[in-house]
Every structure is written in C-alpha cells, then in structure tokens.
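Comments concern the structure below.
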Amino acid sequence: MVEIERIDTIKQYNDTVGVDTLHPLVSIVDFDMMPTYQYFRRKMGVYAIFLKYIKCGDMRYGCQPYDYEDGTLVFIAPGQVYGIDSKGKIIKPAGKALVFHPDLIANTDLGKKMKNYTFFSYEVNEALHLSKKERVLINDCLDKIAYEIDLNIDKYSKVLIVSYIELFLNYCMRFYDRQFVTRGNVNKDVLSRFEHLLHEYFSTKKQLTLGIPSVGYCAEQLNISGNYFGDLIKQETGRTALDYIHSKLINEAKIMLFDKKKPISEVAHQLGFNYQQHFTRLFKQRVGQTPNEYKKLI
C-alpha cells in the first residue's frame, strides 16, 4: 500500500516537487521542470489547482472532439487525498499548479466565498475541461500570480495575489457553467437515469428498508460526485436534486392518498418517513395543504 504523505504547508509541497519557496502561503509550479514519477498519494492541508496537459479522454466524461483536448483543471481542497498511479509506467508531468494555504485568504472576502466554489468537491473524473481560449485566460491569471510571487513582499502583495486568485476562480465558475451546457446530451442522460432511478426505487419499495432516497445515494448510484450531481441537476432543471426527490415523494404520496381508507401514518411509513409529522410538514410545504386536507378534496 502506498504511504500517504501529508502536505500542510506551501514549503512542504514545493519540497516534494523540487522548487524554491518564494512566498510562504502561495506557489505557482511549472510541472515541466519536475522529474518523472510513477505514483504518490498525498493528504492536502492546502488548496491545490492543477492545470494538466492531458487529453480529455482520460476522464470519465467524453469531450467534444474539436478544441477541448488542450487541458483540464483539477481542484483539491484542504483535507482531501489525491494521488497518481501510473500502473508502473514512468510519467513526465506537464502543466502547472496553483497551491495556496487557507491562511492566505483568511479574513478576506474570498475566504468567505470559498464554499460557493463547489468544484473543489468534484472528483477528478469531473474535472474542468478547457478550450484553447479558456486556457489562455487561465494561464494569464497564473502568470499574474507568479509575477507577484516573484516580487519582494510588500503591503500590496496579499491584496493583489488574493484578487488574482478570486478572478481565476470566477473564470472557473464561468467555464464550468459552459461545460454543463456543451455537454447537454451527457447531462440529459444523467437526468434520464436519475428519473429512472427514483422510479425504480419507489416501485421496488426500497424506501421501506433504506428510507427516503438522499442526494448522496442517487449520486453514488449514478457514479457522480454529490456536488457535481447537484450542480448538474440545477443547471438542467432549475431545481435542486433534493427538490427533485421531494417532488417525486409528493407525487407518490398523492397517489397513495386516493385510497381514503389508508391512514396518513401508513402513507408516511410506505414513503420511507420515520415520523408522520415530517411527512405532514413536507406535504404542507409543497402542496399548501396537509395530507388530511388534501384527502378531503379528492
């Protein structure tokens, strides 16, 4: 088993890749300067964004055949483990990395916004695939950050570096939205499989043993990371994945409520609710009436 190496500081990361540490809290690494490797596993205590010059075919989702083979971005957040296993082959890395410590953005507007950049929770399989024009913008941001790192640290350094990182991440948000759009057929296939999964879940009465299907369960069954799945469903439907599940629950509930002899408690149980009041509360929120009130109208 490969030993997991801990990376808690920028210097530790720079030492592993053999580059000098010019700033204690942020680094830009050019992988072209690195030696070859076969495998490694690292638990990160820092943020890391890798621009990888590889073909998109190495990822789970296929790419458009024209200009989306120029690079991918992979995002790693503190606490995550990432690694490479080349299956014994010698790899010569190509690309760049932006690595920064959480302390760099502490008590800044960017630090407060980091939770909005959900792509830090995406699996490598759902990396951001860049077009040629997009890669030019990404490289420009990295060059600006590298320029500031190379200067002597002064009172403007942190403000400018953090601003460039925020600009970089905002571009990534735009590009991910583009990726959802350009992969419309793939996304619609996921949505179709999601609908089929929910239909099969309730028709086979899995809710009686597993409870109400969660977003995490659905994402796992569809082999997609939870956050990417949630963003994809929101992009395709304008609704959250949880909202979609709740709509399915309410539709099932309405069908059951046509049986006026069936107690509300039994309907709640058959839908996977542990407590009747939880079902009643959700039904009232979604329909505007309690199950009993709805029952009297049908």
Side-chain angles (χ1 to χ4, degrees), residues 1-54 58-60 71-86 91 93-108 110-130 138 141-142 145-146 148-149 158 161-162 164-166 168-173 175-176 216 219 224-228 231:
M1 181 174 291
V2 179
E3 182 179 350
I4 297 179
E5 179 183 14
R6 288 188 60 90
I7 301 293
D8 293 316
T9 67
I10 298 304
K11 186 177 187 307
Q12 284 177 332
Y13 180 81
N14 287 341
D15 288 347
T16 63
V17 297
V19 301
D20 294 333
T21 299
L22 304 178
H23 191 292
L25 296 178
V26 60
S27 180
I28 298 289
V29 176
D30 187 342
F31 289 143
D32 291 341
M33 304 293 105
M34 284 178 56
T36 59
Y37 58 82
Q38 287 182 288
Y39 58 80
F40 63 81
R41 284 180 65 78
R42 295 171 182 151
K43 182 171 184 179
M44 304 295 280
V46 297
Y47 289 97
I49 303 163
F50 302 109
L51 173 59
K52 307 178 74 175
Y53 298 162
I54 60 175
D58 293 333
M59 300 295 176
R60 178 183 299 162
T72 58
L73 282 172
V74 177
F75 301 82
I76 308 294
Q80 295 178 341
V81 175
Y82 87 102
I84 297 293
D85 184 357
S86 65
I91 293 178
K96 295 179 181 178
L98 164 61
V99 186
F100 60 96
H101 196 279
D103 287 352
L104 178 72
I105 59 173
N107 300 316
T108 68
L110 177 58
K112 299 172 185 176
K113 297 175 185 175
M114 285 303 289
K115 64 180 181 296
N116 298 329
Y117 300 110
T118 53
F119 43 72
F120 275 105
S121 298
Y122 295 170
E123 302 293 339
V124 67
N125 316 71
E126 294 125 13
L128 174 58
H129 303 265
L130 300 173
I138 290 300
C141 288
L142 294 178
I145 297 169
E148 285 299 324
I149 292 173
K158 178 177 178 178
I161 290 172
V162 171
Y164 287 138
I165 292 175
E166 184 171 2
F168 175 95
L169 294 176
N170 286 337
Y171 273 129
C172 293
M173 289 279 280
F175 300 156
Y176 257 116
I224 304 174
S225 68
N227 278 300
Y228 191 86
D231 287 350

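Position 1 is the first residue of the sequence; numbering continues from there.
- Here Tyr117 pairs with Asn170 under the side chain to side chain donor-acceptor pair (under 3.5 Å) rule; sequence neighbours left out.
- Among Leu25, Leu104, Val26, the single residue meeting the side-chain contact (heavy atoms from CB on, under 4.5 Å) criterion with Val162 is Leu104.
- Not a single donor-acceptor pair under 3.5 Å links the side chain of Thr21 to the backbone N or O of Pro24.
- Distance check: Ser27 OG to Asn14 CG gives 3.5 Å after rounding to the nearest 0.5 Å.
- A heavy-atom distance below 4.5 Å is found between the side chains of Thr16 and Arg42.
- By the salt bridge (Lys or Arg N to Asp or Glu O under 4.0 Å) test, Glu148 is found to be paired with no residue, residues two or more places apart in sequence or in another chain being considered.
- Annotation: the span from His23 atom NE2 to His101 atom NE2 amounts to 12.5 Å, rounded to 0.5 Å.
- To the nearest 0.5 Å, the span separating CD1 on Ile49 from CG on Leu98 amounts to 4.5 Å.
- No more than 12 heavy atoms of other residues, nucleotides or ligands shown are found within 6.0 angstrom of CG on Asp20.
- Ring pair Tyr228/Tyr176 is perpendicular by interplanar angle, where above 60° counts as perpendicular and below 30° as parallel.
- Here the NZ-CG distance, from Lys52 to Leu128, works out to 13.0 Å after rounding to the nearest 0.5 Å.
- In terms of the side chain to side chain contact (heavy atoms under 4.5 Å, CB included) criterion, residue partners of Asp231 (sequence neighbours excluded) are, by chain and number, Thr118, Tyr122, Phe180.
- Listed by chain and number, the residues in a ring-ring contact (aromatic ring centres under 6.0 Å, His included) with Tyr164 amount to none (sequence neighbours excluded).
- Side-chain contact between Leu51 and Val74 is absent, with no heavy-atom pair separated by less than 4.5 Å.
- For the pair Cys172 and Phe75, the minimum side-chain heavy-atom distance is below 4.5 Å.
- Not counting sequence neighbours, Lys158 has no partner by the salt bridge (Lys or Arg N to Asp or Glu O under 4.0 Å) test.
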Trace of the side chain to side chain contact (heavy atoms under 4.5 Å, CB included) decision for Val46 with Asp8: CA-CA 6 Å; Val46 297; Asp8 293 316; over 6 Å; no

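- The side-chain heavy atoms of Thr72 and Leu130, taken from C-beta on, include no pair separated by under 4.5 Å.
- Applying the side chain to side chain contact (heavy atoms under 4.5 Å, CB included) test to Ala48 and every residue at least two apart in sequence or in another chain returns Met44, Phe50, Ile76, Val99.
- Residues that satisfy the salt bridge (Lys or Arg N to Asp or Glu O under 4.0 Å) test with Lys112, not counting sequence neighbours, are absent from this structure.
- When the side chain to side chain contact (heavy atoms under 4.5 Å, CB included) test is applied to Asp15, the partners found at least two apart in sequence or on another chain are Lys11.
- Not counting sequence neighbours, the partners of Ala77 by the side chain to side chain contact (heavy atoms under 4.5 Å, CB included) test are Tyr47, Gln80, Phe120.
- Partners of Thr108 according to the side chain to side chain donor-acceptor pair (under 3.5 Å) rule, which considers only residues two or more places apart in sequence or in another chain, do not exist here.
- Interatomic distance, Ile7 CD1 to Tyr13 OH, rounded to the nearest 0.5 Å: 8.5 Å.
- With sequence neighbours left out, the ring-ring contact (aromatic ring centres under 6.0 Å, His included) criterion links Phe168 to no other residue.
- Residues that satisfy the salt bridge (Lys or Arg N to Asp or Glu O under 4.0 Å) test with Lys43, not counting sequence neighbours, are absent from this structure.
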